[in-house]
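Heads up, the thing below is written out as structure tokens.
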Amino acid sequence: MADQRRYYTAGTLETKRVAELEALGMVWSVHASAWEAGLAVARDYATVHGHLLPPTSAVWGGDGFPIGVWAKNQRAAAKRTRENALRRANGETGLSYAGELSASRMEALNEIDPGWAPEGWEIAWQRCYRLLLAHIQAGGALPAGPGDVVVQGEDLGVWIAGKVAGWDRLVLAQQYLLETIGVHPETESLPVVPARRSQDARWAANLAAARQFHAREGHLRPARKHIETVNGEKIKLGTFLDNTRRRADKLSPERRTALDELGMRW
């Protein structure tokens, strides 16, 4: 088994053999155990949200597991796996298996959500589409305008307006998916400007930026003028943290705790 672990670490163990050994309960390393822990969080997240398409900034579970970053890494591994499989099928040899997603892991994620790793478009598009689809299937109507239907932080009215305005830039599969739920290029255009955010919504957006930065950098000490991009929105994270420090005595215990968990320096 030591040899198999060495080959696995070196990336020279074939995916088929990886799957066979994992079916027997093989634990490659602490990283494999960590993957299983991530998978458990992924299952719980999907059960609650109805999908496994978390934004990169998402954290989940009592320990604040960075499920968004974890899922992003799995999608990157799945993409690498598909690309390498195509290259091997075309006769290319000598490709390392390092960084690929084994068949058993791919299957485990597909069982949670078959659409967890869309091919050809961004995860944010897939998430909004799935949220809109669930809304329609539950008997809801298409949003009448900005702020009319907001699900899991996504303003679906604004999203539809953007897709209609950029219809020609969508791939045929995206156009088809939208048309099946009643969105067409001639759909009356909605204002793309989102509804004015409440203070709670602004705090949530800033906290998401702080969590995303912390998950990526391992600390919460951005430059004073640092701007963090979350789902396409530019958030002045450095300014937010400076302002928050100045009014620390006015923060609720919940908000202060949320920042303390990220290592906030007051």
Side-chain angles (χ1 to χ4, degrees), residues 35 38-61 64-85 99-101 105-137 143 149-167 169-178 180-181 183 192 194 204-205 207-217 227-235:
W35 192 90
L39 185 66
V41 176
R43 288 194 180 101
D44 186 58
Y45 182 93
T47 298
V48 173
H49 292 80
H51 61 78
L52 184 56
L53 300 161
T56 306
S57 58
V59 295
W60 193 248
F65 184 84
I67 185 61
V69 173
W70 186 87
K72 179 181 179 181
N73 290 340
Q74 306 316 308
R75 289 194 298 272
K79 180 180 179 182
R80 181 181 179 86
T81 302
R82 290 191 296 264
E83 291 175 345
N84 281 354
E100 293 188 16
L101 199 62
R105 291 186 176 186
M106 190 86 76
E107 182 178 355
L109 290 167
N110 286 338
E111 287 177 354
I112 294 175
D113 180 357
W116 72 278
E119 296 183 56
W121 54 77
E122 296 179 351
I123 191 71
W125 195 100
Q126 182 83 344
R127 180 171 57 256
C128 287
Y129 165 72
R130 291 280 295 280
L131 293 175
L132 180 59
L133 175 62
H135 171 72
I136 298 297
Q137 290 177 334
V149 178
V150 179
V151 184
Q152 296 178 23
E154 302 287 358
D155 190 325
L156 300 182
V158 171
W159 184 75
I160 289 176
K163 301 316 112 185
V164 171
W167 190 266
R169 294 191 296 274
L170 299 176
V171 301
L172 291 177
Q174 289 175 312
Q175 294 177 355
Y176 170 77
L177 290 173
L178 289 174
T180 59
I181 56 176
V183 178
V192 179
L207 182 60
R211 285 172 170 163
Q212 176 174 290
F213 181 91
H214 181 270
R216 184 182 66 249
E217 305 294 338
I227 294 178
E228 189 75 8
T229 301
V230 181
N231 294 331
E233 179 182 1
K234 296 184 181 299
I235 295 177

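Remember, predicted model here, so these are calculated numbers, not experimental data.
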Of all heavy-atom pairs between [X] and [Y], which one has the smallest distance, and what is that distance?
X	Y	answer
Gly115	Arg130	CA-NH1, 4.0 Å
Pro143	Gly157	CB-CA, 3.6 Å
Ala205	Ile235	O-CD1, 3.3 Å

Note, [X] side chain near [Y] side chain (heavy atom, < 4.5 Å):
X	Y	result
Trp70	Ile67	yes
Val151	Leu132	no
Gln174	Leu172	no
Ile112	Leu39	yes
Asn84	Glu100	yes
Arg216	Val69	no
Tyr129	Ile181	yes

Open item on the list: Which label fits Trp159 and Trp125: parallel for a plane angle under 30°, tilted from 30 to 60°, or perpendicular past 60°?
Closed with: perpendicular

- [ ] Validate the cation-pi geometry between Arg75 and Trp116: distance from NZ or CZ to the six-membered ring centre under 6.0 Å, angle to the ring axis within 45°.
- [x] no

N/O donor to acceptor pairs below 3.5 angstrom from side-chain atoms of residues 50-58, sequence neighbours left out:
{"unit_1": "His51", "atom_1": "ND1", "unit_2": "Leu53", "atom_2": "N", "d": "3.0"}
{"unit_1": "His51", "atom_1": "NE2", "unit_2": "Gln152", "atom_2": "OE1", "d": "2.9"}

How long is the straight-line distance from [atom2] of [Y] back to [atom1] of [X], given to the nearest 0.5 Å?
X	Y	atom1	atom2	result
Arg105	Asn110	CZ	CG	14.5 Å
Leu133	Gln126	CG	CD	10.0 Å
Ile227	Lys234	CD1	NZ	7.0 Å

TODO: Identify, with sequence neighbours excluded, every residue that meets ring-ring contact (aromatic ring centres under 6.0 Å, His included) alongside Trp167.
DONE: none

Open item on the list: Test side-chain contact (heavy atoms from CB on, under 4.5 Å) on Val230 and Glu228; report intermediate values, then the result.
Closed with: CA-CA 6 Å; Val230 181; Glu228 189 75 8; 4.2 Å; yes

Task: Side chain Gln212, main chain Thr229, donor-acceptor under 3.5 Å - done: yes

Task: Sidechain-backbone polar pair: His135 side chain, Leu131 backbone, donor-acceptor under 3.5 Å - done: no

Task: Worked check of side-chain contact (heavy atoms from CB on, under 4.5 Å) between Lys163 and Val183 - done: CA-CA 9 Å; Lys163 301 316 112 185; Val183 178; 5.6 Å; no

Task: Within the 6.0 Å centroid threshold, strictly below: Trp60 and Phe65 - done: no

TODO: Tell me, with the steps shown, if Asp155 and Val149 meet side-chain contact (heavy atoms from CB on, under 4.5 Å).
DONE: CA-CA 6 Å; Asp155 190 325; Val149 178; over 6 Å; no

